[in-house]
Amino acid sequence: MLRFAVTPTSDLKLDTLRIALYNFIVAKQRGEDFIVRIEDLEKESLIEGIDDEILDLLALFGVEFSQVIHQSQNIRFHSAMALQLVHERKAFSCFCSDNWLANKREEAKQAGEKYLYDDACRNLPAELIIDNTNPFSIRIARPDKPESIDSFVILNRDKTPTYNFAVGVDDMLSDISLIIRSEEFREETLKQKHVRDALKYEKQVEYLYLPTIKNLDTAPTVKELLREGFLPEAIVNYLVTIGDEVPQELFTLEEAIAFLELEKISQTPVSFSIEALQEVNRKHLQALDAKELSRYVGFADAEIGELARVYLDEVATTKELKAKIAPIFTERNIPEEFAKETTLLKEIIKNAPYFEEYALFKEYLIKESGLEGDSYLIPLRLLLTNATEGSDIAEIYQHLKNYIGEIIK
RNA sequence: GGCCCCGUCGUCUAGCGGUUAGGAUCCAUGGUUUUCAUCCAUGUUACAGGAGUUCAAUUCUCCUCGGGGUCACCA
């Protein structure tokens, strides 16, 4: 069983989606189940409804999961396991106050040492515990092996489980075999392992770390990218490509499942590049058939799809394509400086015969109008596309020639 | 500060003991296009530094330097 764990405290980020994709891909490759776990223990910063939004997004990206677990539903198990550890004297009550702990931490910092809990409450005599009316947390006794792990808190003073305890337990309960996670969780892994060791869980969970994506603080969220007109397929393609060896430039999630090799995942931190993503998106759009492409710009017409394809030379997203195509079918806003020539050309075109080829159309217009150079080209662009610059006018004419009567009125 | 990850053209990267160190992008030049753009051709530019292992090091080891992460009763 593999899992994707996510905190519903913010919109889905690109690196988080990347983690989800990798876990899903490997689950598919191994023929194991894949579940989503919503880590909703922290009540203050939870955002209402964002968990459903994340699940919808995963579905949109083709990530299928067999089950959704909300971590808060497991709290009774967390409590039971903590109790068991206390019984076995592998965990203990801690009455240390925040102030006292903060001072200790400050002292360690001043001395330039790593702060570790000093186990002050570890061996309190029973009568001291019984007589103590102060609130207390539950700490797990530190392991012998990695000395960097101290007796950390597993139940807060309000007896809700802490993150590392809950995750350690949940991964055990879900029978997780491999966890692909972000590099920043390396240290946490040790704590979660220690929890399972204390609970005498025999199975060794495998871990694989993905290098961080740099520059992500300024990068758009997944939702924003979709709104900007990036295709889910392209985003998947991009995320798998960065920092990874891929046999081909363009591929689908299905294909990634077929070729991805876990051992080859690069450990070099990668940078998010909107330009690279645009390039992938452009190519995915290019690969669509004309009618399908036209739907992304609000039509259902192969000819408009072909026209959009021409515009893919200059733009990379469906939103930008729309911004190019839509004005063609709206009223013209002619700049003063081209007004005269545009009016002249317009009259000629209205009375012109139909031309199959742009070359002949051009020849006719130049002859009839006497215009040349930019004073011909820009007014023509304005009439055809409602813009003063753009892609190859000959190509544009090819796809617009049947709409001339509609466009130029 | 301790621990962990990482260090190849300006940028993103390929490379996994022997390569003219490859690609993409940017930039420059030329060409195509009555075109800002597109497209084509050509060109400049990199193994962070230092020791070691080896016949041979960008590749393996160590040190230095640099970047990032992490050290909570937050998840």
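Note that the structure is a prediction, hence the values are computed from the model and not measured. Within every chain, numbering begins at 1; the chains are lettered A, B, ... in the order of the sequence lines, protein sequences first and strands thereafter.
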- Note on the structure: From the candidates C71(B), U35(B), C73(B), the one with an atom nearest any side-chain atom of R381(A) is U35(B)
- Between the side chains of Y403(A) and D301(A), is a donor N or O closer than 3.5 angstrom to an acceptor N or O? yes
- Query: Between E183(A) and D392(A), who's closer to the 5' end of RNA chain B by nearest nucleotide?
  - Reply: E183(A)
- Query: Looking only at side chains, do T317(A) and N281(A) share a donor and an acceptor under 3.5 Å apart?
  - Reply: no
- Message: Counting distance alone, no hydrogens or angles: does the base of C4(B) have a donor or acceptor under 3.5 Å from a partner atom on the side chain of R186(A)?
- Response: no
- Pairing partner (Watson-Crick or G-U wobble, both distances under 3.5 angstrom) of A56(B): none
- Task: Using only side-chain N and O atoms of S271(A), determine if any of them is under 4.0 Å from OP1 or OP2 of C12(B).
- Result: yes
- Go through C5(B), C73(B), C71(B) for me and flag the one nearest to the V153(A) side chain. C73(B)
- Side-chain donor-acceptor pair under 3.5 Å between Y354(A) and E356(A), yes or no? yes
- Expressed in angstrom and rounded to an integer, what is the separation of F185(A) atom CZ from C71(B) atom P? 10 Å
- Note on the structure: When both distances are under 3.5 Å in a Watson-Crick or G-U wobble arrangement, the nucleotide paired with A41(B) is U29(B)
- Query: Looking only at atom C1', what distance separates U35(B) and G67(B), rounded to whole Å?
  - Reply: 45 Å
- Item | Selected nucleotide, minimal atom distance to R139(A) side chain, candidates C6(B), C71(B), C73(B) | C73(B)
- Integer angstrom distance from the C1' of U54(B) to that of C62(B): 16 Å
- Message: Output the rounded distance in Å from CD (E395(A)) to P (U35(B)).
- Response: 15 Å
- Going by atom types alone, do E233(A) and T252(A) pair a side-chain donor with an acceptor below 3.5 Å? no
- Task: Can you tell me the pairing partner of A72(B) across any strand shown, Watson-Crick or G-U wobble, with both distances under 3.5 angstrom?
- Result: none
- Note on the structure: Out of A72(B), C73(B), A75(B), minimum distance to the side chain of Y115(A) belongs to A72(B)
- Task: Classify the nucleic acid contact of I378(A) as base, sugar-phosphate or nothing, counting any heavy atom under 4.0 Å across all strands shown.
- Result: nothing
- Return the value, rounded to whole Å, for the distance between atom CG of D98(A) and atom P of C74(B). 8 Å
- Message: In whole Å, measure the gap between the C1' atoms of G50(B) and C65(B) for me.
- Response: 10 Å
- Message: Suppose you measure atom P in G30(B) against the same atom in A37(B); what distance do you get, rounded to whole Å?
- Response: 14 Å
- Short side-chain N/O contact to G69(B) OP1/OP2 from S182(A), under 4.0 Å: no
- Query: Whole Å only: how far is the NZ atom of K109(A) from the C1' atom of A72(B)?
  - Reply: 13 Å
- Query: Hey, is the side chain of N156(A) poking within less than 4.0 Å of OP1 or OP2 on C74(B), counting only N and O atoms?
  - Reply: yes
- Query: Using a cut-off of 4.0 Å on non-hydrogen atoms, how would the nucleic acid contact of S273(A) be classed: base, sugar-phosphate, or nothing?
  - Reply: nothing
- Query: When you measure from the side chain of N164(A), which nucleotide among A75(B), G68(B), C73(B) comes out closest?
  - Reply: A75(B)
- Message: Using whole Å, what does the distance between atom P of nucleotide C4(B) and atom CZ of R181(A) come to?
- Response: 18 Å
- Message: In whole Å, measure the gap between the C1' atoms of G68(B) and G15(B) for me.
- Response: 23 Å
- Closer than 4.0 Å, any side-chain N/O of R105(A) to the OP1 or OP2 of C73(B)? yes
- For U19(B), the nucleotide meeting Watson-Crick or G-U wobble distances (both under 3.5 Å) is none
- Give the rounded distance in Å between these two atoms: CG of N134(A) and C1' of C73(B). 15 Å
- Can you tell me if T160(A) and D158(A) form a side-chain donor-acceptor pair at under 3.5 Å? yes
- Query: Can you tell me if H194(A) and N164(A) form a side-chain donor-acceptor pair at under 3.5 Å?
  - Reply: no
- Task: Under 4.0 Å between any heavy atoms, over every strand shown, what does I393(A) touch: base, sugar-phosphate, or nothing? Just pick one.
- Result: base
- Atom NZ of K214(A) and atom P of G7(B) are separated, to the nearest Å, by 10 Å
- Note on the structure: note: L41(A), atom CG; C73(B), atom P; distance rounded to Å ~ 15 Å
- Taking the side chain from N132(A) and the backbone from F95(A), do they hold a donor-acceptor pair closer than 3.5 Å? no
- Message: Just to be sure I understand the rule, does Q71(A) reach a base, reach only the sugar-phosphate, or reach nothing, if contact means heavy atoms closer than 4.0 Å?
- Response: sugar-phosphate
- Item | Geometric cation-pi criterion, K109(A) with Y115(A): 6.0 Å, 45° | no
- Message: When the C1' atoms of U58(B) and G22(B) are compared, how many Å lie between them, rounded to an integer?
- Response: 13 Å
- Who pairs with G7(B) - Watson-Crick or G-U, where each distance is under 3.5 Å: C65(B)
- Out of U35(B), G68(B), U70(B), minimum distance to the side chain of L377(A) belongs to U35(B)
- Message: Could you tell me how far G18(B) sits from C5(B) if I compare only their C1' atoms? Round to whole Å.
- Response: 30 Å
- Query: When the P atoms of C4(B) and U13(B) are considered, how many whole Å apart are they?
  - Reply: 24 Å
